[in-house]
Amino acid sequence: MINQIELMEVVEKYRDNGIVVPTMTGSRGWDKVSSNKNRDIPLGGAMGKASSFALGVALAQPDKRVIIFDGDGSLLMNLGTLVTIAEKAPKNLYHFVLENGVYAVTGGQPIPGNNRISFAGMAKEAGYANAFEFDDLEDFASRAAEVMGAEGPVFICVKTTPEIQNEPMGLRAPSGVKPTKAAIQDLKKDLGV
Amino acid sequence: MTQQALLSPEAVIQEFKNNGITHIVYLPDSETNWMYQLMEAEPDMDLIPVTREGESIAVAAGVIAGGKKPVVLIQNTGLFESGDSIRGIAIDCALPIVMLIGYRGWTRHGATPDSAARFTEPILRAWGITYYLVEHDGDADRISLAFQEAERTNMPVVVLVGDEYHGFNR
(Lines give C-alpha, C1' and ligand atoms only; values in the text may rest on other atoms or scores of the structure.)
Protein backbone atom coordinates (compact mmCIF):
# COMPACT_ATOMS: atom_id res chain seq x y z
CA MET A 1 0.00 0.00 0.00
CA ILE A 2 1.24 3.46 -0.90
CA ASN A 3 0.53 6.77 0.80
CA GLN A 4 -0.99 9.02 -1.86
CA ILE A 5 1.02 12.09 -0.83
CA GLU A 6 4.28 10.18 -1.16
CA LEU A 7 3.19 8.93 -4.56
CA MET A 8 2.29 12.42 -5.71
CA GLU A 9 5.63 13.82 -4.54
CA VAL A 10 7.33 11.43 -6.96
CA VAL A 11 4.93 12.25 -9.81
CA GLU A 12 5.45 15.98 -9.28
CA LYS A 13 9.12 15.54 -10.23
CA TYR A 14 7.98 14.39 -13.67
CA ARG A 15 5.21 16.91 -14.12
CA ASP A 16 7.08 19.06 -16.67
CA ASN A 17 4.77 21.95 -15.75
CA GLY A 18 1.91 19.89 -17.13
CA ILE A 19 -1.79 20.16 -16.36
CA VAL A 20 -3.07 18.03 -13.47
CA VAL A 21 -6.69 16.93 -12.96
CA PRO A 22 -7.22 15.34 -9.53
CA THR A 23 -10.58 14.31 -8.12
CA MET A 24 -12.13 13.30 -4.78
CA THR A 25 -9.50 12.48 -2.09
CA GLY A 26 -6.81 12.91 -4.73
CA SER A 27 -7.69 16.61 -4.92
CA ARG A 28 -6.82 17.17 -1.26
CA GLY A 29 -3.59 15.24 -1.61
CA TRP A 30 -2.42 16.99 -4.77
CA ASP A 31 -3.20 20.39 -3.25
CA LYS A 32 -0.42 19.74 -0.71
CA VAL A 33 2.12 18.74 -3.36
CA SER A 34 1.50 20.83 -6.47
CA SER A 35 4.20 23.19 -7.70
CA ASN A 36 1.87 25.17 -9.98
CA LYS A 37 -1.73 25.48 -8.86
CA ASN A 38 -2.51 27.60 -11.89
CA ARG A 39 -2.33 24.37 -13.87
CA ASP A 40 -4.37 22.21 -11.49
CA ILE A 41 -8.05 21.49 -12.14
CA PRO A 42 -9.53 19.70 -9.11
CA LEU A 43 -12.74 18.29 -10.54
CA GLY A 44 -15.40 18.23 -7.86
CA GLY A 45 -18.68 18.12 -9.76
CA ALA A 46 -20.04 15.12 -11.65
CA MET A 47 -18.22 12.25 -9.92
CA GLY A 48 -16.44 9.97 -12.35
CA LYS A 49 -15.87 12.53 -15.06
CA ALA A 50 -12.32 13.71 -14.23
CA SER A 51 -10.79 11.47 -16.88
CA SER A 52 -13.28 12.68 -19.50
CA PHE A 53 -12.45 16.28 -18.66
CA ALA A 54 -8.73 15.54 -18.82
CA LEU A 55 -9.16 13.91 -22.22
CA GLY A 56 -10.65 17.14 -23.53
CA VAL A 57 -7.73 19.13 -22.13
CA ALA A 58 -5.20 16.67 -23.58
CA LEU A 59 -6.75 16.92 -27.04
CA ALA A 60 -6.90 20.72 -26.89
CA GLN A 61 -3.30 20.98 -25.64
CA PRO A 62 -1.48 18.07 -27.30
CA ASP A 63 1.96 19.48 -26.50
CA LYS A 64 1.34 19.65 -22.75
CA ARG A 65 1.55 16.71 -20.39
CA VAL A 66 -1.84 16.01 -18.77
CA ILE A 67 -2.01 13.95 -15.57
CA ILE A 68 -5.18 12.57 -13.93
CA PHE A 69 -5.47 11.41 -10.34
CA ASP A 70 -8.67 9.38 -10.54
CA GLY A 71 -10.33 7.30 -7.83
CA ASP A 72 -11.32 3.65 -8.13
CA GLY A 73 -14.94 4.37 -7.20
CA SER A 74 -14.89 7.33 -9.58
CA LEU A 75 -13.59 5.25 -12.47
CA LEU A 76 -16.28 2.63 -11.85
CA MET A 77 -18.89 5.35 -12.40
CA ASN A 78 -17.51 6.01 -15.88
CA LEU A 79 -15.78 2.86 -17.10
CA GLY A 80 -16.57 3.69 -20.72
CA THR A 81 -13.98 6.45 -20.42
CA LEU A 82 -11.26 3.83 -20.83
CA VAL A 83 -12.54 3.05 -24.31
CA THR A 84 -13.10 6.71 -25.19
CA ILE A 85 -9.55 7.62 -24.17
CA ALA A 86 -8.03 4.62 -25.94
CA GLU A 87 -9.94 5.51 -29.11
CA LYS A 88 -8.44 9.02 -29.24
CA ALA A 89 -5.10 7.78 -27.90
CA PRO A 90 -3.62 11.08 -26.70
CA LYS A 91 0.12 10.57 -26.34
CA ASN A 92 0.29 13.22 -23.59
CA LEU A 93 -2.20 11.66 -21.14
CA TYR A 94 -1.17 9.92 -17.89
CA HIS A 95 -4.11 8.38 -16.03
CA PHE A 96 -3.38 7.46 -12.41
CA VAL A 97 -6.03 5.58 -10.43
CA LEU A 98 -5.69 5.65 -6.66
CA GLU A 99 -7.08 2.23 -5.81
CA ASN A 100 -7.94 2.25 -2.13
CA GLY A 101 -10.83 -0.19 -2.43
CA VAL A 102 -13.41 2.03 -0.77
CA TYR A 103 -15.61 5.07 -1.17
CA ALA A 104 -13.41 7.11 1.16
CA VAL A 105 -15.43 10.31 1.28
CA THR A 106 -18.64 8.53 2.29
CA GLY A 107 -17.17 6.61 5.20
CA GLY A 108 -15.20 3.79 3.64
CA GLN A 109 -17.76 1.43 2.16
CA PRO A 110 -16.06 -1.10 -0.20
CA ILE A 111 -16.34 -0.53 -3.93
CA PRO A 112 -18.00 -3.28 -5.97
CA GLY A 113 -15.44 -5.77 -7.18
CA ASN A 114 -12.82 -4.78 -4.64
CA ASN A 115 -9.86 -7.18 -4.85
CA ARG A 116 -11.50 -9.05 -7.72
CA ILE A 117 -11.03 -6.69 -10.66
CA SER A 118 -7.92 -5.39 -12.38
CA PHE A 119 -8.19 -1.76 -13.43
CA ALA A 120 -4.84 -1.92 -15.22
CA GLY A 121 -6.02 -5.05 -17.02
CA MET A 122 -9.19 -3.29 -18.16
CA ALA A 123 -7.23 -0.27 -19.38
CA LYS A 124 -4.79 -2.44 -21.27
CA GLU A 125 -7.57 -4.44 -22.92
CA ALA A 126 -9.43 -1.21 -23.76
CA GLY A 127 -6.40 -0.16 -25.77
CA TYR A 128 -4.23 2.13 -23.62
CA ALA A 129 -0.73 2.24 -25.04
CA ASN A 130 0.76 1.33 -21.67
CA ALA A 131 -0.64 0.13 -18.35
CA PHE A 132 1.15 -0.33 -15.02
CA GLU A 133 0.23 -1.42 -11.51
CA PHE A 134 2.09 -0.62 -8.31
CA ASP A 135 1.60 -1.40 -4.61
CA ASP A 136 5.06 -0.40 -3.38
CA LEU A 137 6.40 3.17 -3.37
CA GLU A 138 10.05 2.22 -3.90
CA ASP A 139 9.06 0.10 -6.86
CA PHE A 140 7.14 3.01 -8.38
CA ALA A 141 9.91 5.52 -7.64
CA SER A 142 12.50 3.30 -9.29
CA ARG A 143 10.37 3.02 -12.45
CA ALA A 144 8.87 6.52 -12.47
CA ALA A 145 11.09 7.71 -15.33
CA GLU A 146 10.00 4.74 -17.42
CA VAL A 147 6.32 5.25 -16.58
CA MET A 148 6.29 8.99 -17.15
CA GLY A 149 8.41 8.62 -20.27
CA ALA A 150 6.14 6.03 -21.86
CA GLU A 151 3.94 7.01 -24.77
CA GLY A 152 0.37 7.79 -23.79
CA PRO A 153 -2.25 7.12 -23.04
CA VAL A 154 -0.61 5.59 -19.98
CA PHE A 155 -2.65 4.01 -17.20
CA ILE A 156 -1.11 3.65 -13.75
CA CYS A 157 -3.08 1.87 -11.04
CA VAL A 158 -1.63 2.49 -7.59
CA LYS A 159 -2.80 0.63 -4.48
CA THR A 160 -3.14 3.36 -1.89
CA THR A 161 -3.98 3.54 1.79
CA PRO A 162 -7.57 4.75 2.24
CA GLU A 163 -8.01 8.13 3.90
CA ILE A 164 -11.55 7.67 5.11
CA GLN A 165 -13.76 10.59 6.02
CA ASN A 166 -16.54 9.62 8.37
CA GLU A 167 -17.65 12.89 9.90
CA PRO A 168 -21.07 14.24 8.93
CA MET A 169 -20.72 16.53 5.94
CA GLY A 170 -21.71 19.60 7.91
CA LEU A 171 -18.94 19.02 10.45
CA ARG A 172 -16.09 18.57 7.99
CA ALA A 173 -13.47 21.28 7.70
CA PRO A 174 -13.33 22.97 4.30
CA SER A 175 -10.88 21.17 2.03
CA GLY A 176 -9.23 24.40 0.91
CA VAL A 177 -9.10 23.00 -2.60
CA LYS A 178 -9.72 25.58 -5.34
CA PRO A 179 -13.22 25.40 -6.85
CA THR A 180 -13.26 23.94 -10.36
CA LYS A 181 -14.73 27.09 -11.92
CA ALA A 182 -11.89 29.27 -10.64
CA ALA A 183 -9.32 26.62 -11.54
CA ILE A 184 -10.46 26.58 -15.17
CA GLN A 185 -10.20 30.36 -15.36
CA ASP A 186 -6.70 30.26 -13.85
CA LEU A 187 -5.59 27.56 -16.27
CA LYS A 188 -6.79 29.50 -19.31
CA LYS A 189 -5.00 32.59 -18.07
CA ASP A 190 -1.80 30.63 -17.41
CA LEU A 191 -1.93 29.03 -20.86
CA GLY A 192 -2.80 32.33 -22.51
CA VAL A 193 -5.87 30.90 -24.24
CA MET B 1 -42.36 7.04 -49.51
CA THR B 2 -39.61 9.51 -50.45
CA GLN B 3 -39.63 12.71 -48.48
CA GLN B 4 -37.60 15.83 -48.99
CA ALA B 5 -34.89 16.55 -46.48
CA LEU B 6 -35.63 19.54 -44.28
CA LEU B 7 -32.40 20.16 -42.40
CA SER B 8 -29.30 19.33 -44.39
CA PRO B 9 -26.08 18.28 -42.71
CA GLU B 10 -24.22 20.76 -44.92
CA ALA B 11 -26.12 23.63 -43.33
CA VAL B 12 -25.22 22.44 -39.84
CA ILE B 13 -21.56 21.90 -40.68
CA GLN B 14 -21.42 25.36 -42.22
CA GLU B 15 -22.73 26.79 -38.95
CA PHE B 16 -19.99 24.92 -37.09
CA LYS B 17 -17.41 26.41 -39.44
CA ASN B 18 -18.86 29.89 -39.08
CA ASN B 19 -18.43 29.59 -35.32
CA GLY B 20 -14.89 28.25 -35.34
CA ILE B 21 -15.64 24.81 -33.95
CA THR B 22 -12.49 22.75 -33.36
CA HIS B 23 -13.88 19.60 -31.69
CA ILE B 24 -17.17 17.70 -32.13
CA VAL B 25 -17.98 15.49 -29.14
CA TYR B 26 -20.72 13.09 -30.09
CA LEU B 27 -22.62 9.88 -29.71
CA PRO B 28 -24.56 8.91 -32.85
CA ASP B 29 -28.34 8.98 -32.76
CA SER B 30 -31.12 8.46 -35.25
CA GLU B 31 -31.75 12.20 -35.67
CA THR B 32 -28.16 13.13 -36.51
CA ASN B 33 -26.83 9.94 -38.08
CA TRP B 34 -26.08 11.45 -41.48
CA MET B 35 -23.88 14.08 -39.95
CA TYR B 36 -21.15 11.53 -39.47
CA GLN B 37 -19.78 11.30 -43.00
CA LEU B 38 -19.53 15.05 -43.37
CA MET B 39 -18.01 15.53 -39.94
CA GLU B 40 -15.43 12.88 -40.64
CA ALA B 41 -14.43 14.68 -43.82
CA GLU B 42 -13.76 17.98 -42.05
CA PRO B 43 -10.01 18.31 -41.52
CA ASP B 44 -10.30 21.21 -39.08
CA MET B 45 -12.73 19.53 -36.69
CA ASP B 46 -11.57 16.71 -34.42
CA LEU B 47 -14.26 14.08 -33.86
CA ILE B 48 -14.44 12.68 -30.33
CA PRO B 49 -16.81 9.72 -30.03
CA VAL B 50 -17.92 8.88 -26.48
CA THR B 51 -19.46 5.73 -25.01
CA ARG B 52 -22.17 7.49 -22.96
CA GLU B 53 -23.51 11.00 -23.22
CA GLY B 54 -22.50 12.17 -19.74
CA GLU B 55 -18.89 11.90 -20.87
CA SER B 56 -19.52 14.36 -23.68
CA ILE B 57 -20.16 17.32 -21.38
CA ALA B 58 -16.97 16.70 -19.39
CA VAL B 59 -14.88 16.21 -22.53
CA ALA B 60 -16.25 19.45 -23.99
CA ALA B 61 -15.49 21.25 -20.73
CA GLY B 62 -11.90 20.06 -20.93
CA VAL B 63 -11.62 21.25 -24.52
CA ILE B 64 -12.79 24.70 -23.41
CA ALA B 65 -10.34 24.71 -20.50
CA GLY B 66 -7.62 23.94 -23.03
CA GLY B 67 -8.57 26.96 -25.11
CA LYS B 68 -10.45 25.36 -28.00
CA LYS B 69 -14.11 25.43 -29.04
CA PRO B 70 -16.24 22.27 -28.91
CA VAL B 71 -19.81 21.38 -29.77
CA VAL B 72 -21.71 18.44 -28.30
CA LEU B 73 -23.97 16.32 -30.50
CA ILE B 74 -26.24 13.86 -28.69
CA GLN B 75 -29.91 12.78 -28.49
CA ASN B 76 -32.48 13.95 -25.95
CA THR B 77 -32.33 10.56 -24.23
CA GLY B 78 -28.62 11.23 -23.73
CA LEU B 79 -29.42 14.68 -22.42
CA PHE B 80 -31.31 13.00 -19.58
CA GLU B 81 -28.36 10.71 -18.90
CA SER B 82 -26.03 13.72 -18.83
CA GLY B 83 -27.88 15.51 -16.04
CA ASP B 84 -25.19 15.46 -13.36
CA SER B 85 -22.46 16.47 -15.82
CA ILE B 86 -24.57 19.40 -17.03
CA ARG B 87 -25.26 20.45 -13.45
CA GLY B 88 -21.88 19.83 -11.86
CA ILE B 89 -19.63 20.90 -14.72
CA ALA B 90 -21.35 22.98 -17.41
CA ILE B 91 -23.61 25.06 -15.15
CA ASP B 92 -21.57 25.16 -11.92
CA CYS B 93 -18.38 26.05 -13.82
CA ALA B 94 -20.17 28.55 -16.09
CA LEU B 95 -19.02 26.98 -19.34
CA PRO B 96 -20.42 28.03 -22.74
CA ILE B 97 -21.09 24.52 -24.03
CA VAL B 98 -23.47 24.34 -26.99
CA MET B 99 -25.30 21.03 -27.32
CA LEU B 100 -27.13 19.96 -30.47
CA ILE B 101 -29.80 17.59 -29.25
CA GLY B 102 -31.64 15.21 -31.53
CA TYR B 103 -35.27 15.78 -30.52
CA ARG B 104 -36.51 12.18 -30.58
CA GLY B 105 -40.27 11.90 -30.70
CA TRP B 106 -40.90 15.54 -31.49
CA THR B 107 -43.76 16.36 -33.85
CA ARG B 108 -45.85 19.30 -34.91
CA HIS B 109 -48.70 17.00 -35.78
CA GLY B 110 -50.86 15.80 -32.92
CA ALA B 111 -49.73 14.30 -29.65
CA THR B 112 -46.45 12.45 -29.29
CA PRO B 113 -46.51 9.07 -27.58
CA ASP B 114 -42.77 9.36 -26.87
CA SER B 115 -41.86 10.36 -23.32
CA ALA B 116 -38.39 11.39 -24.55
CA ALA B 117 -40.04 14.26 -26.40
CA ARG B 118 -42.52 15.13 -23.64
CA PHE B 119 -39.87 15.55 -20.97
CA THR B 120 -37.21 17.38 -23.00
CA GLU B 121 -38.34 20.99 -22.84
CA PRO B 122 -39.69 20.85 -19.25
CA ILE B 123 -36.31 19.54 -18.09
CA LEU B 124 -34.38 22.20 -19.97
CA ARG B 125 -36.59 24.85 -18.40
CA ALA B 126 -36.08 23.29 -14.96
CA TRP B 127 -32.31 23.50 -15.44
CA GLY B 128 -32.58 27.08 -16.68
CA ILE B 129 -30.99 26.24 -20.02
CA THR B 130 -31.88 28.40 -23.02
CA TYR B 131 -32.81 26.40 -26.12
CA TYR B 132 -33.51 27.00 -29.78
CA LEU B 133 -35.54 24.76 -32.08
CA VAL B 134 -34.11 24.06 -35.52
CA GLU B 135 -36.39 22.28 -38.00
CA HIS B 136 -35.06 23.10 -41.47
CA ASP B 137 -32.26 24.91 -43.28
CA GLY B 138 -34.05 28.22 -42.86
CA ASP B 139 -33.59 27.87 -39.10
CA ALA B 140 -29.93 26.93 -39.26
CA ASP B 141 -28.72 30.40 -38.28
CA ARG B 142 -30.23 29.75 -34.86
CA ILE B 143 -27.18 27.57 -34.28
CA SER B 144 -25.07 30.74 -34.45
CA LEU B 145 -27.50 32.41 -32.06
CA ALA B 146 -26.92 29.55 -29.64
CA PHE B 147 -23.14 30.00 -29.77
CA GLN B 148 -23.52 33.74 -29.24
CA GLU B 149 -25.88 33.18 -26.31
CA ALA B 150 -23.51 30.69 -24.72
CA GLU B 151 -20.55 33.07 -25.00
CA ARG B 152 -22.53 36.03 -23.75
CA THR B 153 -23.96 34.26 -20.70
CA ASN B 154 -21.19 31.74 -19.98
CA MET B 155 -23.83 29.06 -19.79
CA PRO B 156 -24.67 25.92 -21.73
CA VAL B 157 -27.21 26.41 -24.52
CA VAL B 158 -29.18 23.74 -26.38
CA VAL B 159 -30.21 23.51 -30.02
CA LEU B 160 -33.06 21.05 -30.42
CA VAL B 161 -32.97 19.34 -33.81
CA GLY B 162 -36.64 18.85 -34.58
CA ASP B 163 -36.60 17.49 -38.11
CA GLU B 164 -39.46 15.12 -37.44
CA TYR B 165 -39.23 13.03 -40.59
CA HIS B 166 -35.63 12.78 -41.56
CA GLY B 167 -33.27 13.93 -38.93
CA PHE B 168 -30.29 14.77 -41.06
CA ASN B 169 -31.13 12.21 -43.74
CA ARG B 170 -30.85 13.24 -47.37
Side-chain angles (χ1 to χ4, degrees), chain A residues 18-21 23 38-64 66 68 70 74-75 77-90 92-93 126 178-193, chain B residues 20-28 36 40 44-74 78-99 127 151 153-156:
Chain A
I19 299 156
V20 182
V21 183
T23 191
N38 288 329
R39 294 197 175 192
D40 297 340
I41 309 279
L43 204 77
M47 186 175 170
K49 300 303 192 308
S51 57
S52 304
F53 180 91
L55 171 64
V57 177
L59 294 173
Q61 291 286 330
D63 297 328
K64 305 272 189 312
V66 177
I68 312 162
D70 212 347
S74 296
L75 179 55
M77 287 193 179
N78 188 18
L79 267 180
T81 190
L82 296 177
V83 177
T84 302
I85 289 172
E87 171 71 18
K88 293 304 292 182
N92 55 335
L93 192 66
K178 191 190 295 184
T180 310
K181 179 180 175 182
I184 291 172
Q185 292 167 351
D186 288 348
L187 174 67
K188 293 180 75 171
K189 194 181 299 179
D190 201 57
L191 293 174
V193 296
Chain B
I21 296 307
T22 59
H23 296 75
I24 302 173
V25 192
Y26 82 107
L27 202 153
Y36 178 70
E40 200 179 31
D44 297 329
M45 296 181 201
D46 189 8
L47 277 182
I48 309 174
V50 296
T51 65
R52 198 72 174 103
E53 290 87 347
E55 283 182 74
S56 69
I57 309 301
V59 172
V63 169
I64 291 173
K68 299 292 171 47
K69 192 166 181 180
V71 64
V72 169
L73 190 60
I74 57 177
L79 175 76
F80 305 144
E81 197 275 339
S82 303
D84 194 40
S85 294
I86 293 171
R87 176 205 63 79
I89 298 177
I91 294 175
D92 282 1
C93 296
L95 296 174
I97 297 173
V98 171
M99 298 172 271
W127 286 341
E151 293 290 338
T153 60
N154 274 322
M155 281 287 287

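Contact count against chain A (heavy-atom pairs under 4.5 Å) is highest for D46(B) among T22(B), D46(B), V25(B). Taking D92(B), L95(B), I86(B), D84(B) one by one and counting their heavy-atom pairs under 4.5 Å with chain A, the maximum is reached by D84(B). Considering only heavy-atom pairs separated by less than 4.5 Å from chain A, the leading option among A65(B), G88(B), S85(B) is A65(B). Chain B forms the most heavy-atom pairs under 4.5 Å with one residue out of L59(A), I19(A), V66(A), L79(A), and that residue is L59(A). Considering only heavy-atom pairs separated by less than 4.5 Å from chain A, the leading option among C93(B), A61(B), S56(B) is C93(B).
To the nearest 0.5 Å, atoms CG (L93(A)) and CD1 (I68(A)) are separated by 4.0 Å.
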The test is side chain to side chain contact (heavy atoms under 4.5 Å, CB included); show your working for V57(A) and I41(A) and say whether it passes.
CA-CA 10 Å; V57(A) 177; I41(A) 309 279; 5.8 Å; no

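For I64(B), the parts lying near chain A are the backbone and the side chain together; criterion is any non-hydrogen pair under 4.5 Å. For chain B, the nearby parts of K49(A) are the backbone and the side chain; heavy atoms of each come within less than 4.5 Å. Of the atoms belonging to I85(A), not a single heavy atom falls under 4.5 Å from chain B. Contact of L191(A) with chain B is made through the side chain alone, with heavy-atom distances under 4.5 Å.
Checked by atom type and distance alone, the side chain of N92(A) pairs as donor or acceptor with a backbone atom of A58(A) at under 3.5 Å. Proximity of a side-chain donor or acceptor of Q185(A) to a complementary backbone N or O of A182(A) within less than 3.5 Å is not detected. Judged by distance alone, the side chain of T180(A) and the main-chain N or O of G44(A) form a donor-acceptor pair under 3.5 Å.
Counting all heavy atoms, side chain and backbone alike, A54(A) lies closest to V21(A) at CB-CG2, 3.9 Å.
We find that D40(A) and K178(A) are not joined by a salt bridge, their nearest charged nitrogen and carboxylate oxygen being 4.0 Å or further apart.
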